Amino acid sequence: MNDKDIIIALPKGRILKQVLPIFDKVGIIPEKSFFNEKDRKLKFETNISNIKLILVRSFDVATFLIYGAAHIAIIGSDVLEEFNHSEIYSPIDLKIGLCRLVVATTKEILSDEDPLTWSYVRVATKYPNLTSEHFKKRGVHADCIKLNGAMELAPSMGLCRRIVDLSESGETLKANGLIEIEEIMKVSTRLAVNRNAYKTNFKEINQIIKKFEGLLHD
Amino acid sequence: MDRDTLLPAGFSDKIFPKSQRNSLIIENIVNFFLNYGYLRISPPLIEFEETLLNQGPGLALQNNSFRVMDPISKKMMAVRSDMTTQISRISSKRLAHYPRPLRLSYSGEVLRVNPSGLKLERQIAQVGAEIIGDITFGLETEIIVIGLKILKELYIEDLTLDLNYQNLRLSFFKSLYELPDKNLLVKAIEKKDINYLKNKNFPNKTNILNIIEASGQFTNKSQFLEKLNQDNKKNNYLLHLLEVSSSIQSIFKDLNIVIDPLEKSTFDYHHGLTFTIFSKSLQGSIAKGGTYKTINKEDATGISLYVDLLGEIKNIFLEKEKVLVEQNDFKSAENLIKKGYQIIFLKNLNNDIENYAKSINCKYIFKNNKLIQV
């Protein structure tokens, strides 16, 4: 890695399609192989010689950013809150990738329980920190089972009483017979910055932040 | 199975050359401070919990300190998680009668329950210095400049100094405490989310936004003042920050200074000016410090340098060249040591020792009064 390179981390998947038009407007254009889904490359050049892009899983974006492997990142506020790390600033809400982090379960489970008596609950989630904080507030210890997908199956299969997961329209929950019980947080995609990079390379990083900020006022 | 060699999370055996490099770094830092009249003190690793954690800066360390029971007194003891609190105690009691400003330096290991920032280690070597007495911006400048000079001496390049002011931050936060969404506002200030703040109403809004937007690279005092509104131009905390920045800049011309007045200090006991030193070549803070009150409510200012991180720079100290010498030939050994070599005794120099020499990365043999390359 060149000392002068600025590495921007982007999340693979759903959000990426909404992010690319923004990069277009800001004037950061990835090389062609970036758009080729069959390409196995993970690091890409852009039209600006010292700006490189890396493409990683949404939770890994935070890890790359915290350890300074990436200087700037496009990242969901759900992931930011789950990591809640002092080495990250998140100056801009890009107002894309809007969804909510919710608690859900099946009708059958709901009809046969009294949550007020709980001291303990088992929850399937990708967000163990946010989940245990949420339940801690009412004096309930949440035992989190980490699942990486097919979360919606877990309650009906007897794995847990609750799931905590993202919900965009509520369709996936509904299709799997789940009911939303409460919202933990509203989620949107943000521009985040590594603290070390922000301090040691203030001018260049700030210039990029200002470009993104400019878009929001258009 | 090697389970019986497993260490607890955050603890590790430090092996050469890193362990050697680290102790050399510590020695260099403490000697550097000694040249400027900072006297070394060595407090104990463990104190009674009530002594260490129930007063002064110690109050802020309660959640992050290990405790053990003292079988003799049956009282709870705490292992230090930061040495500043001990310096505060010593300067307030045992050295209370010494003339001020009192300049002290220290080095030692501290234990933390939760690793902080990027470092996963729970045992950290802390080296630093404190000035106790009437803290002026001149003394604050002194301790920061000495810290910077030490880092330069250790060949650490591309230094950035980040300056903040805790009381300024707290004075603004006080006005937010009554609001229902105070936590979100504080968080937005800490995460530099200007757009969120712009769309909310809260006391001192224009002044807070003005400071966040003015934050950044410091080129000179008048240019920074120009970015401030009328209220902020008269703010003594900000003026103090600018005074220290200009005087450091006049000594360190090529230093990258960032002024970020509302940034939170990692040590909760700081109330005045705080600072962090970064380097482009190292990830994380390499030195931190600031101004606080001791147990006696005296002003004090200090700096801590993070040796484990500094030890990652490989060219800091060059290893000495090794020479194989006939066992117990102390006369030759001492001569070679005086010339700057490291010697290793070997029982028999006559056998085929080339492989052995290579395996310990040794390039020379001293034989028949001559230095021979392997």
Side-chain angles (χ1 to χ4, degrees), chain A residues 1-7 62-73 75 77 80-81 83-95 133 137 185-186 188-210 212-218, chain B residues 114-120 156-164 183-184 187-200 209 212-219 255-260 262-268 275-288 309 312:
Chain A
M1 192 169 79
N2 191 323
D3 236 17
K4 294 198 173 84
D5 282 353
I6 292 178
I7 313 279
T63 312
F64 274 80
L65 189 64
I66 288 168
Y67 287 93
H71 306 120
I72 296 178
I75 186 171
S77 58
L80 278 174
E81 292 294 324
F83 279 84
N84 190 21
H85 205 283
S86 61
E87 295 295 314
I88 297 184
Y89 299 125
S90 54
I92 299 175
D93 185 349
L94 296 170
K95 306 222 159 71
E133 271 312 307
K137 277 182 204 150
M185 67 178 287
K186 291 196 169 35
S188 66
T189 301
R190 304 189 67 99
L191 179 96
V193 181
N194 168 272
R195 180 158 167 248
N196 215 78
Y198 183 78
K199 302 287 186 187
T200 59
N201 198 3
F202 182 81
K203 263 187 198 153
E204 281 192 70
I205 299 275
N206 202 41
Q207 239 171 27
I208 297 175
I209 295 177
K210 290 280 173 237
F212 279 91
E213 208 175 66
L215 285 185
L216 295 176
H217 302 301
D218 288 347
Chain B
N114 302 306
S116 65
L118 295 172
K119 294 177 283 284
L120 298 174
I156 296 177
E157 305 288 336
D158 282 328
L159 295 172
T160 293
L161 173 69
D162 182 41
L163 289 167
N164 338 106
N183 288 339
L184 292 173
K187 192 153 196 179
I189 294 173
E190 279 168 4
K191 297 284 175 193
K192 309 195 188 301
D193 186 350
I194 297 178
N195 287 310
Y196 179 87
L197 296 170
K198 273 183 183 156
N199 293 322
K200 296 278 164 188
L209 277 170
I212 297 179
E213 281 178 337
S215 298
Q217 209 110 28
F218 174 81
T219 35
L255 180 69
N256 182 31
I257 300 179
V258 171
I259 296 197
D260 195 351
L262 300 179
E263 176 103 330
K264 186 183 189 304
S265 152
T266 23
F267 295 113
D268 288 337
F275 63 89
T276 309
I277 303 175
F278 298 92
S279 160
K280 265 190 189 171
S281 42
L282 289 168
Q283 190 56 230
S285 336
I286 48 182
K288 272 184 202 170
L309 196 55
E312 282 174 21

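What's counted below: heavy atoms across the whole structure, side chains too, no hydrogens, waters or symmetry copies. In the text below, chain A, chain B and the rest are named by the order of the sequence lines, each starting its count at 1. The model shown is predicted, which means the values in this text are computed figures rather than measured ones.
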Is it true that atom NZ of A:Lys186 has more than 12 heavy atoms of other residues, nucleotides or ligands lying nearer than 6.0 Å? no
N-O pairing of A:Arg190 and A:Glu81 below 4.0 Å: no
Salt bridge (Lys or Arg N to Asp or Glu O under 4.0 Å) partners of B:Lys191, counting only residues at least two apart: none
Less than 4.5 Å to any heavy atom of chain B: does that hold for the side chain of A:Asn206, its backbone, both, or neither? neither
What part of B:Leu282 gets closer than 4.5 Å to chain A, counting heavy atoms only: side chain, backbone, both or neither? backbone
For B:Lys264, is it the side chain, the backbone, both, or neither that has a heavy atom closer than 4.5 Å to a heavy atom of chain A? neither
Strictly distance-based, threshold 3.5 Å: is any side-chain N or O of A:Asn196 a donor or acceptor partner for the main-chain N or O of B:Gly284? yes
NZ or CZ of B:Lys192 within 45° of A:Tyr89 ring axis and under 6.0 Å: yes
Can you tell me which portion of B:Thr276 sits under 4.5 Å from chain A's heavy atoms? Options are side chain, backbone, both or neither. side chain
Contact part of B:Glu190 toward chain A, heavy-atom cut-off under 4.5 Å: side chain, backbone, both or neither? backbone
